[in-house]
Amino acid sequence: EKIGYTPSTKAPAKQMYQGRLFKVVRKYCETMGFDYVIISAKYGLLHPDDVIEGYEMVLKTKEDVERIRPQVEEKLRPILKNYDKIVVIAGKQYREVLKNLWDERFVEIKSRGYGDLCSIVSRATVQEKSLLDFA
C-alpha cells in the first residue's frame with residue numbers, strides 16, 4: 001500500500017509505503033537505531049529519505065525480478081561491507097532480487113506467513129530485541 005499511486009504524489013519512501021509489514025519494519029528499525037533500505041518494484045533500491053513518486057507496480061514475475069536486480073545490486077554492493085548481519089524481511093520475489101549478493105551475513109526471518117511475520121517484528125520492537133533472536 002502507498003499514500004498515492006500517481007506521479008503527482010511525491011514523498012520520501014519511508015512515508016510513501018503504508019503496508020502493515022513496511023510500517024512494523026520501519027518502526028522496528030527506527031526504535032532500534034538500525035539502518036534499512038527498501039526494494040522497490042519501480043525504483044530498485046531506495047533509502048528511506050529518497051523522494052519518490054507514487055506508482056502501481058509489484059514484483060510478480062521472474063522478468064520483474066531480473067529487471068530491477070542490476071539496479072539493486074549496484075546500489076547495495078558498496079554498502080554491504082559496512083554490515084556484519086543483514087536481516088531481510090521481504091516476500092519471496094523481493095528476496096530473489098538479492099540472490100547474487102546473498103552470503104552468510106544475510107538472515108531471513110522465518111514465519112508462517114505475512115501476519116506471523118508482522119507479529120514477530122512487532123514483538124521484537126516492543127521487547128527491543130534483535131530480530132536475530134527470532135531467526
Side-chain angles (χ1 to χ4, degrees):
E1 295 174 33
K2 299 176 193 75
I3 59 171
Y5 295 91
T6 64
S8 62
T9 304
K10 293 178 179 51
K14 67 183 177 186
Q15 294 171 2
M16 180 67 71
Y17 298 102
Q18 295 292 306
R20 179 178 168 206
L21 182 59
F22 178 78
K23 284 180 166 183
V24 297
V25 170
R26 176 184 172 191
K27 182 175 181 181
Y28 174 75
C29 291
E30 291 175 355
T31 297
M32 299 296 286
F34 293 154
D35 297 333
Y36 66 99
V37 291
I38 304 155
I39 297 174
S40 161
K42 179 174 181 177
Y43 295 101
L45 192 79
L46 295 169
H47 292 275
D49 292 321
D50 290 344
V51 176
I52 60 173
E53 297 177 346
Y55 65 94
E56 197 161 347
M57 187 183 297
V58 294
L59 297 183
K60 290 182 181 173
T61 67
K62 181 176 176 142
E63 290 76 22
D64 294 340
V65 169
E66 295 303 324
R67 177 181 48 78
I68 69 160
R69 180 179 285 131
Q71 298 167 280
V72 171
E73 289 178 357
E74 181 182 338
K75 286 184 171 181
L76 194 54
R77 189 171 273 117
I79 62 175
L80 287 178
K81 65 184 180 301
N82 300 326
Y83 301 95
D84 295 326
K85 288 288 178 198
I86 299 145
V87 178
V88 179
I89 305 169
K92 182 180 180 189
Q93 296 293 63
Y94 290 81
R95 289 191 313 270
E96 186 67 21
V97 172
L98 302 172
K99 80 174 187 180
N100 295 339
L101 301 173
W102 203 278
D103 61 28
E104 67 281 348
R105 296 172 296 171
F106 285 73
V107 178
E108 178 185 342
I109 303 302
K110 304 289 185 206
S111 70
R112 294 184 306 269
Y114 183 84
D116 186 43
L117 186 55
C118 290
S119 178
I120 290 167
V121 177
S122 293
R123 282 196 320 270
T125 304
V126 169
Q127 297 171 10
E128 293 191 20
K129 293 180 93 173
S130 170
L131 278 169
L132 298 175
D133 295 339
F134 295 88

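- Note: T125 OG1 to L131 CG = 7.0 Å, rounded to the nearest 0.5 Å.
- Taking CD from E96 and CG from D64, the interatomic distance works out to 12.0 Å, rounded to the nearest 0.5 Å.
- Taking CD1 of I38 as the start and OH of Y94 as the end, the distance is 11.5 Å to the nearest 0.5 Å.
- The nearest pair of heavy atoms linking Y55 to S40 is OH-OG, 2.9 Å.
- Contact detail for L101 and R77: the closest heavy-atom pair is CD2-NH2, 3.2 Å.
- Identified under the salt bridge (charged side-chain N to carboxylate O under 4.0 Å, His left out) test for residues 23-52, with sequence neighbours left out: K14-D49, R26-E30.
- For the 3.5 Å distance criterion, the side chains of N100 and E73 qualify, holding a donor opposite an acceptor.
- For Y83, the ring-ring contact (aromatic ring centres under 6.0 Å, His included) test picks out no residue, with sequence neighbours left out.
- When all heavy atoms are compared, the tightest approach of V121 to V24 is CG1-O, 3.5 Å.
- For the atom pair CD1 (I86) and CZ (R105), the distance works out to 4.5 Å, reported to the nearest 0.5 Å.
- The nearest pair of heavy atoms linking Q18 to Q15 is NE2-O, 2.7 Å.
- The distance from atom OH of Y36 to atom OH of Y28, rounded to the nearest 0.5 Å, is 13.5 Å.
- The 12-atom threshold is not exceeded at CD of E74, counting heavy atoms of other residues, nucleotides or ligands nearer than 6.0 Å.
- Using a 4.5 Å heavy-atom cutoff, the side chains of I39 and L45 are in contact.
- Annotation: salt bridge (charged side-chain N to carboxylate O under 4.0 Å, His left out) contacts involving residues 114-123, sequence neighbours excluded, comprise R112-D116.
- With contacts defined as side-chain heavy-atom distances shorter than 4.5 Å, the pair I79/H47 qualifies.
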- request: Take E1 and Y17 through the test side-chain contact (heavy atoms from CB on, under 4.5 Å) and record every step on the way to the result.
  value: CA-CA 6 Å; E1 295 174 33; Y17 298 102; over 6 Å; no
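- One finds the OG atom of S122 at 9.5 Å from the CG atom of L117 (value rounded to the nearest 0.5 Å).
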message: Pair Y43, E53 - check side-chain contact (heavy atoms from CB on, under 4.5 Å), show working.
response: CA-CA 10 Å; Y43 295 101; E53 297 177 346; 3.5 Å; yes
